[in-house]
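Below is one structure, written out as structure tokens; comments come after it.
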Amino acid sequence: MDSYVSSPTFYFKLFSFSFQQMTITDLIQSATINAIQELYGETITPEQASITVTRKEFEGDFTIVTFPFTRFAKKKPGEIAEELGIHLVKNVPQLDRFNVVQGFLNLVVADSFWTDFLMQIAGNQDFGRLSKNGKKVMIEYCSPNTNKPLHLGHVRNILLGWSCSQICEAAGYDVVKVQVVNDRGIAICKSMLAWQKFGEGKTPESTGTKSDHFVGDYYVLFEQKFQEEYKAWQSSAAGQQVLDEKRKPEQSDEQFFKDFKNTYFNEYSALGREARDMLLRWEAGDPDTKALWQQMNQWVYDGFGKTYQALGVSFDKFYYESETYLLGKDIVEQGLASGVFYKKEDGSVWADLTDAKLDHKVVMRSDGTSVYITQDLGTAQVRYHDFGADKVVYVVADEQNYHFQVLFELLKRLGEPYAAGLHHLSYGMVDLPTGKMKSREGTVVDADDLIAEVIAEAREASKERGEITELSKTEQEDILRKIGLAALKFHIIKVGPQKRMVFDPKESVDLQGQTGPHIQYAYVRIKSVLRKAADLGIAPSAIRNPQSAIEPQERELIAQLYRFPATVETAATNYDPSEVANYCYDLAKAFHKFFTDLSILKAETEEAKAFRLQLCAAVANVLKTGMGLLGIEMPERM
RNA sequence: GGCCCCGUAGCUCAGCGGAUAGAGCAUCUGCCUUCUAAGCAGAUGGCCCCUGGUUCGAUUCCAGGCGGGGUCACCA
């Protein structure tokens with residue numbers, strides 16, 4: 001029966017000096033297994049002895065459902081619950097009493113257990129951070145193209161990637177954050193060409209434009225000029241001739257030209273030819289082209305850097321596709337030799353993945369050049385060589401689900417040592433209330449605009465409150481920045497990654513209800529009380545007279561705090577920051593309830609004041625840590 | 001068409017084998033002679049997409065539908 005005890009999920013670390021301690025639920029669970037053995041002579045598994053948190057309309061902390069035990073106990077659920085309750089309270093010192101409702105056994109944990117726990121975590125800044133597990137996880141996120149600025153989609157990606165990295169770190173991993181930059185290809189050539197033709201030597205400085213937006217503007221300009229050219233061609237004799245020859249009977253003229261756009265770009269367009277020529281010159285290493293490319297990209301990186309800084313995120317290493325796009329060919333050779341790949345008559349190389357319910361997949365073109373996935377194979381290997389990693393997480397939108405299934409399958413078949421630790425953190429696209437974001441229709445929400453907007457909104461709301469007007473201008477701005485970003489970040493991160501989400505700009509700026517600022521506000525209230533207590537000379541203390549019972553609001557808060565380490569752990573194993581977000585909200589909510597129901601500095605006894613202060617301090621600490629895992633900073637006042 | 005994801009209050013989302021399914025927003029009603037009302041309490045609002053199956057028990061697991069999205073390029 002030791003087998004389940006040795007499983008790491010049944011432990012978490014309470015203290016910074018690492019020793020492992022069973023949680024109270026594990027204690028109850030193993031005691032339940034013993035009790036069932038003694039009472040009914042039946043051996044049950046931990047899964048069968050499932051413990052849940054008691055619903056708040058009943059008295060108790062934890063609940064055991066006894067229905068499954070009727071099979072062998074040959075008694076009514078209520079009777080079993082009664083017998084089990086007596087046995088557990090007798091054998092588990094941490095349990096004070098129990099009650100039975102239907103077949104549900106509600107267990108009440110002794111006050112002393114909760115106060116002891118609070119004493120243990122008092123003053124421990126690292127509570128919730130698990131000790132190092134000696135493993136490394138590499139997280140790739142953001143991965144932008146360099147032809148235009150970051151938008152709302154990138155923001156979701158960045159927030160997911162960043163908070164995952166923070167959560168993994170808290171869960172004991174070493175973390176390497178990497179970004180793959182798509183800095184080459186036809187898209188950046190379009191920006192380059194438009195700037196070269198129409199830019200008149202302008203620069204971000206000369207126009208006062210944020211430099212990534214400056215480059216993006218030329219990308220847009222290219223599209224405009226191309227559309228003009230295409231429109232003109234459509235009504236020309238040449239265009240009409242193609243229409244007559246190639247239009248399918250069921251197609252309208254308009255539909256035909258819409259579908260024909262790519263072909264036009266590649267085979268007819270003058271601008272298209274110029275852009276493709278530029279790409280060819282780039283690939284040939286033409287110095288002028290390279291210099292222009294470098295200049296444009298540098299502008300973009302400078303601009304991106306500012307956005308990352310505004311969002312409070314960073315990367316340990318950037319990989320550039322211009323340096324990796326030729327990688328992977330040796331892997332293809334090895335794969336051919338080992339029989340993972342096969343070659344077709346035309347010279348193209350394929351993998352047959354049909355037995356893994358996937359398709360045949362090209363890994364090398366017939367002309368010997370590599371495709372997208374070849375490059376990914378190469379990059380995976382290079383990165384592993386650079387850092388080593390037990391787990392590799394790719395934060396990429398769910399439109400690439402199939403791609404990653406194939407990539408992981410290939411890496412597995414190639415026998416890469418990290419293949420078992422690969423994970424695609426797939427997230428749903430972000431929609432607007434008006435529908436999908438479409439760059440062509442100009443409905444894309446720009447990241448920088450969004451950040452500015454949420455801060456402006458916080459400023460507006462702050463004016464009405466007048467709470468921070470005494471502070472210096474810089475302090476005020478710092479607070480407003482924290483509040484605005486908390487609203488934005490929490491609004492996005494609270495949604496489970498897998499779900500496609502609707503982003504309503506109006507709601508993202510809300511400061512009330514289930515929002516980041518609501519949680520910050522709980523923290524600020526605590527900080528305010530702690531300052532006042534210091535002035536009054538009241539020191540926090542978890543020591544409590546055993547005679548005075550803990551209030552339900554206090555108990556609820558402590559029980560919430562108790563769940564924090566386990567929350568961090570599951571969020572890390574699931575790569576799901578929304579679990580931490582929802583936890584923080586629940587904790588803040590419980591605090592606000594406590595705060596309005598019970599007075600801290602005017603509590604009945606000195607001892608109660610000190611105890612509540614200690615509880616508050618612990619809540620503040622967990623809120624700060626938890627929100628920190630989401631990349632959200634806490635202000636001291638608001 | 002094959003495969004994958006999603007379907008819970010008017011809206012945005014939690015819950016994912018267990019008790020009468022929860023929050024926030026919106027609508028309505030109360031609570032500031034001060035530990036910050038960005039808060040709290042209450043009211044209103046649900047065939048948990050449908051139909052079967054497994055189970056003592058299904059919103060939760062399985063199968064089949066329906067609706068929405070994605071993806072099936074020698075594109076990235």
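Just so we're on the same page: letters track the sequence lines, and every chain starts at 1.
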[X] (side chain) donor-acceptor with [Y] (main chain) under 3.5 angstrom:
| X | Y | result |
| --- | --- | --- |
| Lys329(A) | Gly368(A) | yes |
| Thr324(A) | Leu327(A) | no |
| Arg184(A) | Glu283(A) | no |
| Asp504(A) | Pro433(A) | no |

Would you say the base of rC72(B) stacks on Tyr402(A) (centre-to-centre below 5.5 Å, plane angle below 30°)?
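By the stated criterion, Tyr402(A) and rC72(B) do not stack.
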With centres under 5.5 Å and planes under 30°, do Phe104(A) and rG18(B) count as stacked?
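No; centroid distance or tilt outside limits.
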Write down the partner of [N] under the Watson-Crick or G-U wobble criteria, each distance required to be under 3.5 Å.
| N | value |
| --- | --- |
| rA43(B) | rU27(B) |
| rA14(B) | none |
| rU71(B) | rG2(B) |
| rG57(B) | none |

Sticking with atom [atom1], work out how far [N] lies from [M], rounded to a whole angstrom.
| N | M | atom1 | answer |
| --- | --- | --- | --- |
| rC4(B) | rA41(B) | P | 44 Å |
| rC32(B) | rG39(B) | C1' | 10 Å |
| rA21(B) | rC16(B) | C1' | 12 Å |
| rG67(B) | rC50(B) | P | 15 Å |

Tell me whether the OP1 or OP2 atom of rG70(B) has a side-chain N or O from Lys436(A) closer than 4.0 Å.
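For rG70(B), OP1/OP2 do have a side-chain N/O of Lys436(A) under 4.0 Å.
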What residues in residues 454-465 of chain A put a non-hydrogen atom under 4.0 Å from any atom of RNA chain B?
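Close to the strand are Arg465(A).
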Mind checking [X] for me? I need base, sugar-phosphate or nothing, with any heavy atom below 4.0 Å counting as a touch.
| X | answer |
| --- | --- |
| Val524(A) | base |
| Val65(A) | base |
| Lys593(A) | sugar-phosphate |
| Leu530(A) | nothing |

Taking only Lys NZ, Arg NE, NH1 and NH2, and the carboxylate oxygens of Asp or Glu, determine whether Arg481(A) and Asp478(A) approach each other closer than 4.0 Å.
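The answer is yes: the pair qualifies as a salt bridge.
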Among rA23(B), rU71(B), rA19(B), which nucleotide sits nearest the side chain of Glu399(A)?
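Of the candidates, rU71(B) comes closest.
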Pairwise 5' ranking along RNA chain B for Tyr372(A) and Gly496(A), keeping only the more 5' one
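Taking each residue's closest nucleotide, the earlier one in sequence belongs to Gly496(A).
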Side chain of Asn262(A), base of rA73(B): donor and acceptor closer than 3.5 Å?
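Counting by modelled atom types and ignoring angles, no donor-acceptor contact under 3.5 Å is found here.
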Would Lys343(A) and Trp350(A) count as a cation-pi pair here, with the cationic atom under 6.0 angstrom from the ring centre and within 45° of the axis?
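The answer is no, since Lys343(A) fails at least one limit relative to Trp350(A).
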Under the ring pair (Phe, Tyr, Trp, His ring centres under 6.0 Å) test against Tyr325(A), which residue among Trp282(A), Tyr319(A), Tyr372(A) passes?
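Of all the options given, the one that passes is Trp282(A).
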